[in-house]
Undergrad: 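For reference, the structure I am asking about is given below.
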Amino acid sequence: MKQKTDQRMQKKSKLRAALGNTSSIAGIVLIVIFCLAPFYWMIVSSLRPARDIFDVTLWPKTVSFENYLAVFDPSRHFGRSLWNSLIVAGITTVLALLIATVAAYALARIEFRGKFLILTVVMAASMFPLVAIIVPLLKLFTGWGWINTYQSMILPDLSFALPLAVWNLTSFFKQMPVDLEQAAMVDGCTPGQAFRKVILPLAAPGMFTTAIIVFINAWNEFLVAVTMVNDAAMQTAPVAISKFGGISQFETPYGSQMAAGVVVTIPLVILVLIFQRRIVAGLAAGGLKQ
């Protein structure tokens, strides 16, 4: 009797486990579909000819690359816009990572009065609405002669990227045991050498994760770029896409905009796929207690 009861309980446990796994897989599939559906529709729309752009089929009746050819028409300067986006996002990421790494390490390791207040101010700065300061920034940069320059886009992006980078890296450095630096100094390293040779290599996953987040935000930034730049040769890719025009002033080139959106998104997808292991390692390491 007891054996039959145990068998029934085991069957129930296996059934519950199977149902749990099935529901988890179903949930993951739904989330993936929900997240990727807009990108898939963007790809499909970019492959439709202009006459079929409003079709609702899951795949184009006629696959056409005319939208991609239109995107890279020399008159649109879209290749130059991609290069401008790369410069702005790349420099912003490098500067944010350099400054945030040093600041976060100091906040994580040095005990001083007001440290919590500084971290609170850092987070508050990241929540400040950009639209509230864009007009004063425009007036300031106009006075400095910075309109249509890279620095007019990089500095505002950097000011909003730094709080997030500092907060992320501070949390990451706090998880690393102080014994690492102490052991390195016992072996003859100075504090600076211990930081460079011991801490930085171990902090690489967290730094990669932070760099990817900062780069994506800077790559997709629109408000600062469209405000500070009115020269087609200096505009970034998001601004260039917003200014795509049709044959007439009443026509919106949806196909070209979709194709440009695919071109802008592909570098980010490739970047995440290349560094996905480091990103996952950084996110996991930041959530572990040492």
Side-chain angles (χ1 to χ4, degrees), residues 18-86 88-90 131 209 212-227 229 232-233 235-280 283:
L19 290 174
N21 292 335
T22 303
S23 60
S24 298
I25 294 173
I28 293 172
V29 170
L30 289 175
I31 292 173
V32 170
I33 293 174
F34 179 79
C35 294
L36 295 183
F39 185 61
Y40 173 77
W41 193 252
M42 186 166 60
I43 294 174
V44 170
S45 299
S46 69
L47 295 175
R48 298 185 195 276
R51 65 180 183 275
D52 299 333
I53 193 63
F54 293 110
D55 285 354
V56 293
T57 55
L58 293 179
W59 189 252
K61 298 175 183 176
T62 303
V63 175
S64 173
F65 293 95
E66 64 181 39
N67 293 319
Y68 291 92
L69 295 176
V71 165
F72 289 99
D73 186 282
S75 62
R76 283 179 166 167
H77 306 285
F78 191 68
R80 175 68 182 179
S81 299
L82 287 173
W83 177 248
N84 292 335
S85 290
L86 181 62
V88 172
V131 69
T209 304
I212 293 295
I213 295 173
V214 171
F215 184 88
I216 291 175
N217 289 336
W219 179 268
N220 292 327
E221 200 285 321
F222 176 79
L223 183 58
V224 171
V226 77
T227 304
V229 173
Q235 64 190 8
T236 58
V239 177
I241 295 174
S242 71
K243 294 183 177 180
F244 278 3
I247 298 175
S248 68
Q249 62 176 337
F250 303 106
E251 180 187 0
T252 302
Y254 294 110
S256 299
Q257 290 177 343
M258 292 295 181
V262 173
V263 173
V264 170
T265 306
I266 284 176
L268 302 180
V269 174
I270 294 175
L271 195 65
V272 172
L273 290 177
I274 292 175
F275 297 109
Q276 61 177 333
R277 291 186 179 180
R278 290 185 176 273
I279 295 173
V280 173
L283 292 173

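Counting begins at 1 with the first residue of the sequence. Every value quoted in this text rests on a predicted model; they were computed, and no experiment measured them.
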Undergrad: Once rounded to the nearest 0.5 Å, what's the spacing between atom OG1 of T236 and atom CH2 of W83?
TA: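 These two atoms lie 15.0 Å from each other.
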Undergrad: Does the side chain of V32 come within less than 4.5 Å of I28's, by heavy atoms?
TA: yes
Undergrad: Heavy atoms only: give me the nearest P60-R48 pair and the separation to one decimal.
TA: CA-NH1, 3.7 Å
Undergrad: Are E66 and P49 side-chain neighbours, meaning at least one heavy-atom pair lies under 4.5 Å?
TA: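 In contact.
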Undergrad: Can you tell if the side chain of F65 reaches within under 4.5 Å of the side chain of V71, non-hydrogen atoms only?
TA: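 They are not in contact (no side-chain heavy atoms under 4.5 Å apart), so the answer is no.
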Undergrad: Between V264 and L82, what is the shortest heavy-atom contact and its length?
TA: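 Minimum heavy-atom contact is CG2-CD2, 4.1 Å.
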Undergrad: Would you say the side-chain atoms of R76 and S81 include a donor-acceptor pair closer than 3.5 Å?
TA: no
Undergrad: Just to verify, what does Y68 make a ring-ring contact (aromatic ring centres under 6.0 Å, His included) with, not counting sequence neighbours?
TA: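 Partners of Y68 by the ring-ring contact (aromatic ring centres under 6.0 Å, His included) criterion come out as none, since no residue qualifies.
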Undergrad: Measuring only between side-chain heavy atoms, which start at C-beta, is V229 closer than 4.5 Å to V239?
TA: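 No, every pair of side-chain atoms sits at 4.5 Å or beyond.
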Undergrad: Can you tell me if N220 uses its side chain to pair, donor with acceptor, with the backbone of P238 under 3.5 Å?
TA: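 Between the backbone of P238 and the side chain of N220 there is no qualifying donor-acceptor contact (under 3.5 Å).
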Undergrad: On a heavy-atom basis, which atom in L223 and which in V226 lie closest, and how many Å separate them?
TA: O-CG1, 3.3 Å
Undergrad: Side-chain contact test, heavy atoms from C-beta onward, threshold under 4.5 Å: evaluate it for F222 versus I241 and give yes or no.
TA: no
Undergrad: Find the distance between CG (D52) and CG (L47) and round it off to the nearest 0.5 Å.
TA: 12.0 Å
Undergrad: To the nearest 0.5 Å, what is the distance between OG1 (T62) and CZ (R51)?
TA: 5.5 Å
Undergrad: Side chains of M258 and N67: closer than 4.5 Å at any heavy-atom pair?
TA: no
Undergrad: Could you give all pairs that pass the ring-ring contact (aromatic ring centres under 6.0 Å, His included) test and reach residues 35-64, with sequence neighbours left out?
TA: F54-Y254
Undergrad: Determine the minimum heavy-atom distance between F215 and G90, stating which atoms define it.
TA: CE1-N, 3.9 Å
Undergrad: For I212, which of L268, L271, N217 qualifies under side chain to side chain contact (heavy atoms under 4.5 Å, CB included)?
TA: L271
Undergrad: Does S45 use its side chain to pair, donor to acceptor, with the backbone of M42 at less than 3.5 Å?
TA: no
Undergrad: Nearest heavy-atom pair of V263 and P267: which atoms, and what distance?
TA: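 Taking V263 first and P267 second, the nearest heavy atoms are O-CD, 2.9 Å.
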Undergrad: For A237, does its backbone N or O pair with a side-chain atom of W219 as donor and acceptor, under 3.5 Å?
TA: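 Judged by distance alone, no pair lies under 3.5 Å.
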